Amino acid sequence: MALSNQQLAAIFSDIADRLEIQGEVVFKTRSYRVISENLAALPRPVEDIWREGKLNEVPGVGKAIHDKIDELLRTGKLEFYERLRAEVPDGVVDMLRVSGLGPKRVKEIWSTLGVMSLSELEAAGKAGRLRGLPKMGEKTELKILAGIESLKRRATGRMRAGDVLPIALQMREVLRAAPGVLRVEYAGSLRRGRETIGDLDFVAATTDPAAVMSLFRSQPHIEEILGAGETKSSVRLQNGLQVDLRAIDPSVWGAAMQYFTGSQAHNIRVREIAQKQKLSLNEYGLTAEDSTKLTFDTEEALYARLGMAWIPPELREDRGEIEAAQSGSLPRLITRADLRGDLQMHSTWSDGAADVLTMARGGIALGYEYILITDHSQSLGIANGLTPERVRAQRKEIDAVNRQLAGEGLVFRVLQGVEVEIKSDGAIDLPDDMLAELDLVQASVHTSLAQPRERITERALNAIRNPHIDILGHPSGRLINEREGGDFDWEALFHAAAEHDVALEINADPARLDLNETHARRAVELGCHLTISTDAHHPGGLNQIVYGLSVARRAWVTPETVINTWPLDKLLAWAASEV
DNA sequence: GCCGTTTTCGGCCCGACTGTTTTCAGTCG
């Protein structure tokens with residue numbers, strides 16, 4: 001039975017939870033948390049590495065964890081884990097999700113009161129049985145009950161970055177207006193460009209912490225104030241998002257931004273490096289053994305003092321960036337300015353909201369040199385997909401738009417493509433001679449995503465082998481927080497895409513972000529080209545490219561790999577040379 | 001549990017806030 005990296009990661013995270021409740025030493029539980037994160041971020045299937053006998057090369061794998069992974073992959077089960085699950089009931093683990101409850105209190109509540117589920121916890125709280133336990137009084141009891149309530153209301157744990165960034169930008173403007181404030185930025189996972197955000201972190205450099213704290217806590221749309229200190233406050237917004245603010249002295253800006261940007265795994269490594277240099281690192285800077293303080297007003301200065309190049313936030317996950325920063329071998333990550341065009345968008349010819357000319361104007365406004373119109377093909381009836389006749393009619397309109405733009409003296413080209421359906425039996429929804437007339441062809445799976453691995457993989461491979469198909473669009477088909485993508489054999493798919501030189505899309509729609517960062521990194525490792533495109537359905541949608549860029553940067557992607565950084569002539573020559 | 005240009009044993013990042021406490025444990029990030 002095959003276990004995915006994500007499934008293995010979830011098991012080790014669950015083991016860490018249950019061991020913590022049992023009171024196991026923190027260093028042991030930390031090891032399980034570390035391996036959980038490392039497995040989740042691993043660009044290749046653990047199973048492949050295991051088969052090659054190279055499990056020990058995975059960071060965080062020692063003898064004990066090696067044997068556990070081995071047992072899981074051999075038998076699909078883990079004796080140790082089964083025992084642990086019997087010892088600590090699932091309902092007890094659930095209680096960890098309540099804000100304000102950690103392993104110590106959960107263990108106390110469980111062992112003293114026999115509470116074994118969230119509903120029993122709620123009943124115990126309402127009956128006043130929680131107060132009186134060690135270190136717990138009336139306030140703690142009320143906090144736990146409030147935590148249960150908020151857990152019931154909250155839809156999901158993490159929100160899409162696309163839903164958080166607009167809130168962050170607006171809130172940043174508000175906070176910047178507080179008296180005494182010199183700088184405000186968001187840090188945390190949003191700054192690192194993650195696809196989902198657990199909570200939003202702000203850092204404010206100010207000479208008047210009380211003023212910005214007070215302003216922060218008096219904003220509208222706040223449901224609950226979770227904490228209110230002199231330099232740190234936390235609130236929960238009505239949409240469930242938790243927002244934290246730290247106020248710091250302007251002189252420590254660099255150290256504070258480094259600290260609050262994280263990730264935790266990255267910070268632990270950076271502090272270990274400081275320790276080896278007899279220095280202690282916190283959010284205020286470095287402290288030497290003789291208590292001398294060093295402050296840093298930029299992150300660059302802090303990293304430099306520790307012997308490293310500045311590390312782009314997107315890379316700060318302890319996935320090799322520390323070593324690269326020490327040896328001066330960090331990648332030159334792709335930026336917005338590298339992109340010369342957007343290769344997936346829709347117009348009113350299918351399910352878009354704007355005509356071709358309007359989409360072109362949108363691309364011009366962003367400084368692009370070209371766009372590719374990729375309306376849906378005929379079998380996607382719900383999206384008004386194009387028949388061959390309508391594809392040819394659209395060509396006339398695109399030619400007219402190009403003539404008009406040229407007449408205005410603009411160096412800009414609208415390319416004609418299509419997002420052709422890969423049908424459930426693997427057939428391509430438009431005939432080859434039709435595809436041959438187009439500038440570039442993108443193929444996508446929209447239906448029958450639940451097919452078994454072999455079947456759905458064969459569909460994608462069939463498209464990749466088609467000499468007219470240049471790009472595989474949103475390869476997995478997932479929708480973040482809505483549905484899983486298809487169960488593709490990614491290694492096979494990437495090898496084939498590299499061989500036939502079919503580019504794989506990083507779809508920048510914040511609901512898709514597909515390929516995701518781990519798949520994108522692996523695809524590049526295996527020699528694939530990528531595109532980063534928005535799938536926009538109106539000109540405003542073109543701005544969502546920033547989310548796709550974040551995925552690419554987190555995947556260590558450099559510009560030359562991405563075909564829409566190429567000049568138009570190179571792009572068209574590549575498309576014409578079918579492999 | 002993992003890990004190693006000070007270690008194969010003895011370490012393992014660091015601080016704010018809260019609530020229940022007379023000095024600190026628990027939680028969180």
Side-chain angles (χ1 to χ4, degrees), chain A residues 12 15-16 19-21 23-38 55-69 80 95-109 130-144 146-147 187-189 192 197-203 209 213 217 225-236 242-248 252 255-256 258-287 306-307 318 326:
Chain A
F12 284 111
I15 287 175
L19 288 178
E20 272 191 334
I21 292 171
E24 186 56 89
V25 290
V26 293
F27 302 112
K28 190 180 282 193
T29 59
R30 194 177 108 181
S31 295
Y32 284 109
R33 296 219 181 276
V34 165
I35 193 60
S36 171
E37 284 178 26
N38 290 354
L55 266 188
N56 282 320
E57 293 175 17
V58 176
V61 173
K63 170 139 184 28
I65 287 177
H66 171 282
D67 290 350
K68 288 183 174 67
I69 296 175
F80 168 81
M95 293 198 275
L96 286 176
R97 290 160 51 215
V98 177
S99 168
L101 277 189
K104 299 274 171 53
R105 281 175 177 160
V106 165
K107 183 185 188 185
E108 185 66 41
I109 292 168
L130 296 177
R131 66 184 74 178
L133 293 176
K135 294 259 157 204
M136 282 192 265
E138 190 181 348
K139 283 191 174 176
T140 305
E141 187 174 82
L142 290 173
K143 202 173 163 184
I144 289 169
S189 50
R192 298 201 312 279
I197 307 299
D199 56 25
L200 175 55
D201 299 297
F202 281 103
V203 180
M213 283 297 147
R217 296 194 299 260
I225 294 177
L226 303 168
E230 290 175 16
T231 63
K232 177 182 172 180
S233 289
S234 298
V235 300
R236 176 147 48 237
Q242 181 177 329
V243 190
D244 298 340
L245 171 67
R246 276 294 290 270
I248 48 100
V252 303
Q258 197 284 326
Y259 182 96
F260 292 110
T261 297
S263 64
Q264 203 160 0
H266 175 87
N267 282 359
I268 287 173
R269 287 292 313 282
V270 171
R271 279 187 218 129
E272 284 169 358
I273 287 166
Q275 277 189 324
K276 286 193 184 122
Q277 301 175 29
K278 309 279 186 204
L279 296 165
S280 164
L281 175 63
N282 61 23
E283 60 263 56
Y284 305 113
L286 289 167
T287 308
L306 294 174
D318 190 22
Q326 287 174 320

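Numbers restart at 1 for each chain; the letters A, B, ... are given by sequence-line order, proteins then strands. The basis for the numbers below is simple: all heavy atoms, side chains too, and nothing from hydrogens, waters or symmetry mates. Everything quoted here is computed from the prediction, not taken from an experiment.
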Engineer: Would you name the heavy atoms of A:Y32 and A:A16 that are closest together and state the gap between them?
Structural biologist: CB-CB, 3.9 Å

Engineer: Taking the side chain from A:N267 and the backbone from A:Y259, do they hold a donor-acceptor pair closer than 3.5 Å?
Structural biologist: yes

Engineer: Provide the Watson-Crick or G-U wobble partner of B:dC28, both distances under 3.5 Å; none if there is no partner.
Structural biologist: B:dG15

Engineer: Within less than 4.0 Å of OP1 or OP2 of B:dT18, is there a side-chain N or O belonging to A:T140?
Structural biologist: no

Engineer: Please give the distance between the C1' atoms of B:dG1 and B:dT5 as a whole number of Å.
Structural biologist: 24 Å

Engineer: Would one find a side-chain N or O of A:T231 under 4.0 angstrom from OP1 or OP2 of B:dC17?
Structural biologist: yes

Engineer: Just how far, in rounded Å, is C1' of B:dT18 from NZ of A:K232?
Structural biologist: 11 Å

Engineer: In this structure, how many angstroms lie between the P atom of B:dG15 and the CG atom of A:D201, rounded?
Structural biologist: 18 Å

Engineer: Between B:dT18 and B:dT23, how far is it from one C1' atom to the other, in whole Å?
Structural biologist: 15 Å

Engineer: How far, in whole Å, is B:dC9 from B:dC14 if one measures between their C1' atoms?
Structural biologist: 25 Å

Engineer: Atom CE of A:M136 to atom P of B:dT27: distance rounded to whole Å?
Structural biologist: 8 Å

Engineer: Is the backbone N or O of A:R131 less than 3.5 Å from a side-chain atom of A:E141, with the two atoms forming a donor-acceptor pair by type?
Structural biologist: yes

Engineer: Over all strands shown, is A:N282 touching base, sugar-phosphate only, or nothing at heavy-atom distances under 4.0 angstrom?
Structural biologist: sugar-phosphate

Engineer: How about A:Q264 and A:D318: does a side-chain donor come under 3.5 Å of a side-chain acceptor?
Structural biologist: no

Engineer: Would you say A:K28 reaches B:dG1's phosphate, i.e. side-chain N/O to OP1/OP2 under 4.0 Å?
Structural biologist: yes

Engineer: Under 4.0 Å, counting only non-hydrogen atoms across every strand here, what does A:S280 touch: a base, just sugar-phosphate, or nothing?
Structural biologist: sugar-phosphate

Engineer: Please compare A:V25 and A:G229 by the position of their nearest nucleotide in DNA chain B and report the one closer to 5'.
Structural biologist: A:V25

Engineer: Hey, does the side chain of A:K68 come within less than 4.0 Å of B:dG1's phosphate (OP1/OP2), counting only N and O?
Structural biologist: yes

Engineer: Mind checking A:V34 for me? I need base, sugar-phosphate or nothing, with any heavy atom below 4.0 Å counting as a touch.
Structural biologist: nothing

Engineer: Could you please name the option among B:dT27, B:dC2, B:dT6 that lies closest to any side-chain atom of A:K104?
Structural biologist: B:dT27

Engineer: How many whole angstroms separate atom CG of A:N38 from atom C1' of B:dC3?
Structural biologist: 14 Å

Engineer: Using the C1' atom in both, what is the distance from B:dT8 to B:dC2, to the nearest Å?
Structural biologist: 12 Å

Engineer: Quick one: are A:L281 and A:I273 in side-chain contact, heavy atoms under 4.5 Å?
Structural biologist: no

Engineer: Looking for any heavy atom pair under 4.0 Å, which part of the strands does A:E138 touch: base, sugar-phosphate only, or nothing?
Structural biologist: sugar-phosphate

Engineer: State plainly whether the residues A:K232 and A:E283 are in salt-bridge range, i.e. N to O under 4.0 Å.
Structural biologist: no

Engineer: Rounding to an integer number of angstrom, what distance separates B:dT20 and B:dG15 when you compare their P atoms?
Structural biologist: 26 Å

Engineer: Between A:Y259 and B:dA16, is there a contact of a side-chain N or O with OP1 or OP2 at under 4.0 Å?
Structural biologist: no

Engineer: Please check: side-chain N/O of A:R217 versus main-chain N/O of A:V235, any donor-acceptor pairing under 3.5 Å?
Structural biologist: no

Engineer: Separation of A:R97 atom CZ from B:dC28 atom C1', in whole Å?
Structural biologist: 17 Å

Engineer: Checking contacts here: which listed nucleotide (B:dT27, B:dG1, B:dG15) is nearest the side-chain heavy atoms of A:P103?
Structural biologist: B:dT27

Engineer: Could you state the CG-P distance from A:D318 to B:dC3, rounded to the nearest angstrom?
Structural biologist: 11 Å

Engineer: How would you label the contact of A:A274 with the nucleic acid (heavy atoms, under 4.0 Å): base, sugar-phosphate, or nothing?
Structural biologist: nothing

Engineer: Once you round it to whole Å, what is the distance between C1' of B:dC2 and NZ of A:K63?
Structural biologist: 14 Å

Engineer: Can you tell me if the side-chain N/O atoms of A:Q242 get under 4.0 Å from OP1 or OP2 in B:dG29?
Structural biologist: yes

Engineer: Using a 4.0 Å heavy-atom cut-off across all strands, classify A:L281 as base, sugar-phosphate, or nothing.
Structural biologist: sugar-phosphate

Engineer: Base, sugar-phosphate or nothing for A:I35? Non-hydrogen atoms, less than 4.0 Å.
Structural biologist: nothing

Engineer: Which one, B:dA16, B:dG29, B:dT20, comes nearest to the side chain of A:E283?
Structural biologist: B:dA16

Engineer: Is A:R269 touching bases, backbone alone, or none of the nucleic acid, heavy atoms closer than 4.0 Å?
Structural biologist: nothing

Engineer: What's the closest nucleotide to the side chain of A:F27 if the choices are B:dG29, B:dC12, B:dG15?
Structural biologist: B:dC12

Engineer: Picking from B:dG29, B:dC24, B:dA16, which would you name as closest to the side chain of A:K135?
Structural biologist: B:dC24

Engineer: Look at all strands and tell whether A:E24 reaches a base, only sugar-phosphate, or nothing, counting heavy atoms closer than 4.0 Å.
Structural biologist: nothing

Engineer: More than 12 heavy atoms of other residues, nucleotides or ligands under 6.0 Å from CD of A:E230: is that the case?
Structural biologist: no

Engineer: Taking the nucleotide of DNA chain B with the nearest heavy atom to each, does A:Y32 or A:S233 sit closer to the 5' end?
Structural biologist: A:Y32

Engineer: Using the P atom as the point on both nucleotides, what is the distance between B:dT22 and B:dC17, in whole Å?
Structural biologist: 23 Å

Engineer: Can you tell me how far C1' in B:dG11 sits from the matching atom in B:dA16, rounded to whole Å?
Structural biologist: 26 Å

Engineer: Report the nucleotide, chosen from B:dA16, B:dG19, B:dC12, that has the shortest atom-to-atom distance to any side-chain atom of A:R30.
Structural biologist: B:dC12

Engineer: For A:Q275 and B:dT6, give me the distance from atom CD to atom P, rounded to whole Å.
Structural biologist: 13 Å

